[in-house]
Structures are given as structure tokens and as C-alpha cells.
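Below is one structure, written out as C-alpha cells; comments come after it.
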Amino acid sequence: MKVSEALKSRLSANMFDTKAELSREQITELVELASEAPSSFNTQNWHVIAITDPDVRKQLRAVAWDQAKVTDSAVLFAVLGNTNVVEALPESMDLATNAGVVGPDIKKWFEDNASPFYDGKPQLARDEALRSASYLAMSLMLAGQEKGYGSGPMIGFDPIEVAKILKVPDNYVVTLLLSMGPLASEGNWARKPRRKNIISFDKF
Ligand SMILES: Cc1cc2nc3c(=O)[nH]c(=O)nc-3n(C[C@H](O)[C@H](O)[C@H](O)COP(=O)(O)O)c2cc1C
């Protein structure tokens with residue numbers, strides 16, 4: 001599937017095939033594809049919880065506006081952004097240097113500059129957590145689209161209660177809940193047309 005086809009066929013689904021299941025391998029492949037998303041300073045400051053346990057999903061639905069897709073899709077993802085933006089930087093930069101992508105001087109530059117950029121700036125750190133997790137979430141939706149799965153992003157939930165249920169550490173923001181899997185054969189809306197007057201050139 002071309003990227004343009006994935007973009008034009010994706011829609012936010014409400015009705016999922018309640019009998020469909022995805023294996024851990026299938027779910028892991030989707031998340032690994034999504035983690036190809038970019039992140040500031042290569043911090044990869046995200047985490048994904050894949051939720052298949054029906055009991056956990058029932059608890060989540062109770063704090064997510066009773067949205068049926070929380071329980072009904074093959075998998076539910078909680079996409080998290082890390083407000084301790086540079087926490088994973090040593091690991092991600094080691095991977096890059098070990099793969100020969102960047103040399104030790106570039107690794108040092110990233111590590112020297114990333115921390116001061118975010119230190120003492122909680123708003124910027126939270127913005128970065130949301131930004132990174134959002135890139136990952138969109139990539140996840142497109143990866144699912146290629147596999148023939150529908151998706152349903154949600155911010156309609158109580159973030160404090162969701163974090164409690166999923167035992168999310170304090171430094172992570174639950175950016176999005178995301179249902180994914182084969183869709184029900186009927187009940188979903190058609191694609192919504194897009195506004196066209198969203199671009200200006202050179203200045204607003
Ligand atoms: C950040 C975000 C939060 C959303 N939250 C919800 C939600 O809680 N429940 C829901 O049914 N749809 C939710 N949506 C889906 C939007 O309603 C949907 O993207 C929009 O209507 C455009 O439709 P489309 O995605 O099918 O093109 C959300 C979408 C985004 C990007």
C-alpha cells in the first residue's frame with residue numbers, strides 16, 4: 001500500500017470486529033514499525049502499552065466515556081510520551097553509534113545539548129512528550145492501515161484514572177488511547193472531507 005493510499009483510506013473507526021484477535025508478534029511488529037517515527041535529538045521518548053486483557057479494558061472503558069472501541073477492538077494501545085525527555089538518550093545514541101550511523105563526536109554533541117535544552121522547562125518537556133508520542137501514534141495508525149486494520153484514536157478519557165489502571169510512571173503522559181484491529185463490516189462513518197484553506201506560502 002502506498003503512503004498516499006494509507007493516508008486517504010484511514011478513518012477514525014468506532015465499530016471493530018469483536019471476534020478478531022492479534023498475536024503478540026503482530027502487535028509487536030506494528031509498534032516496531034511505528035517506532036520508526038522521528039523524535040527530537042533522537043530521544044525516542046515514548047512507550048506503548050498494548051492492552052488485550054478484557055478485564056483491564058473493561059476498567060479503562062469505565063473511565064473513557066464508555067466508548068465501545070475501548071473494549072471491542074483486537075488491541076488497545078496506550079501511547080505514552082516521556083516528560084523526562086532525555087531518559088532514553090544514552091540507549092538510543094548507543095544504538096546509533098554501534099550501528100555506525102553516527103560517530104562518538106556526534107553522540108557527545110547530542111548528549112551535551114539535549115539535557116540543557118529541556119532542563120528546568122517543564123512545559124517544553126511536556127510538549128516534547130506529547131509531540132513524540134503523537135508522531136508515534138500516527139505512524140502506528142498508518143502501519144495498521146497497511147495491514148488492513150482500522151484504528152480509533154481517543155482523548156476522551158480521564159488521564160489520571162487511566163494512568164492509575166495502567167500503572168504509568170509519573171514522568172509519562174498518556175497521550176492517546178488507540179484502538180486497532182479489523183473493523184466490523186458495518187457501522188463506521190465514511191471518510192470526512194478535508195478543509196482546503198489550510199495552507200499559506202511564506203507567511204500566515
Ligand atoms: C487527539 C485526538 C483525539 C480524539 N479523540 C476521540 C475520542 O475520544 N473519541 C472518538 O470517537 N474519536 C476521537 N478522535 C477522532 C476524531 O473525531 C477524528 O479524527 C475526526 O473526526 C476526523 O475523522 P477521521 O479521523 O475519520 O478522518 C480523536 C482524534 C484525535 C486526533
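Whatever order the structure lists them in is the order used to number ligands and atoms, beginning at 1.
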Contacts of D127 meeting side-chain contact (heavy atoms from CB on, under 4.5 Å) (sequence neighbours excluded), chain-then-number -> Q123, R131
Return yes if some donor-acceptor pair links the side-chain N/O of R10 with the main-chain N/O of K8 below 3.5 Å, else return no. no
Measure from NZ or CZ of K121 to the centre of the six-membered ring of F117 and say whether it is under 6.0 Å with the direction within 45° of the ring axis. yes
Supply the atom-to-atom distance L60 CG to Q67 CD, rounded to the nearest 0.5 angstrom. 11.5 Å
Can you pull the residues with any heavy atom under 4.0 Å from ligand 1? R10, L11, S12, N14, Q67, K69, P153, M154, I155, G156, L176, K192, R194
With side-chain hydrogen bond (donor to acceptor under 3.5 Å, both in side chains) as the criterion, how do N14 and N188 come out once you've worked through the C-alpha distance, each side chain's angles and the decisive distance to 0.1 Å? CA-CA 6 Å; N14 286 316; N188 284 305; 5.2 Å; no
All heavy atoms of A96 vs all of N42, minimum pair found to be CB-ND2, 4.4 Å
